[in-house]
Amino acid sequence: MGYGEVARAAGFPRYSRMVSAALGRSPEPLPWFRVVRSNRTLAFEVGSSSYREQAQLLKEEGVRFDGVKIIELETENSLDRILWGPQD
DNA sequence: AAAATGACGAACC
DNA sequence: AGGTTCGCCATTT
């Protein structure tokens, strides 16, 4: 899931930036690290401490990388499923 | 009130 | 392919 994708899924197509803001501000432990950029790279500047943290967390979730690019982000407990569940 | 700012994204050079 | 500009919209200056 990218920020724009989350926004769309929530019914706010132009709110990608608000999504990132919300994830950052939220006091509850949201799985912010599962949200990436639309180009499938991580959300932060490569090498930054936040970048390394996100990379580490994602690896623990079983997400694989091709260098800086993410091979496949969607895991069995991807963000959309956590937030909105299997709907049915 | 006006301008700058973002864990964004797409459109243009 | 890679760098710059532009649209987005709530917050903060």
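Every chain is numbered from 1 and lettered A, B, ... according to where its sequence line falls, protein lines coming before strand lines. As the structure is a computational prediction, the values presented were derived from the model and not from experiment.
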Just how far, in rounded Å, is [atom2] of [N] from [atom1] of [X]?
| X | N | atom1 | atom2 | value |
| --- | --- | --- | --- | --- |
| A/Arg40 | B/dA7 | CZ | P | 19 Å |
| A/Arg52 | B/dA7 | CZ | C1' | 16 Å |
| A/Gln54 | B/dA7 | CD | P | 13 Å |
| A/Phe12 | B/dG9 | CZ | C1' | 19 Å |
| A/Trp32 | B/dA7 | CH2 | P | 12 Å |

Side-chain (A/Ser26) to main-chain (A/Leu23) donor-acceptor, under 3.5 angstrom: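 Not confirmed, A/Ser26 side chain does not pair with A/Leu23 backbone.
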Between CG on residue A/Leu57 and CZ on residue A/Arg52, distance to nearest 0.5 Å: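 Between atom CG of A/Leu57 and atom CZ of A/Arg52 there are 13.0 Å.
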Working for side chain to side chain contact (heavy atoms under 4.5 Å, CB included), residues A/Leu42 and A/Leu58: CA-CA 10 Å; A/Leu42 299 194; A/Leu58 286 177; 3.6 Å; yes
Residue whose nearest DNA chain B nucleotide is more 5′ - A/Ala21 or A/Arg8: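 Its nearest nucleotide being more 5', the pick is A/Ala21.
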For the student: nearest non-hydrogen atoms of A/Ser16 and A/Ala7, plus distance: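 Scanning both residues completely, I find the closest heavy atoms to be N-CB, 3.8 Å.
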Rounded distance in Å between the P positions of B/dA4 and C/dT5: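 That atom pair is separated by 15 Å.
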A/Gln54 vs A/Phe44 side-chain heavy atoms within contact, under 4.5 Å: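 Yes - at least one pair of side-chain heavy atoms lies under 4.5 Å apart.
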Per-nucleotide protein contact string for nucleotides 4-13 of chain C (B base, S sugar-phosphate only, - none; heavy atom under 4.0 Å): ---BBBSSS-
Electrostatic pair A/Glu45:A/Arg37 at N-O distance under 4.0 angstrom: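 No, A/Glu45 and A/Arg37 are not salt-bridged.
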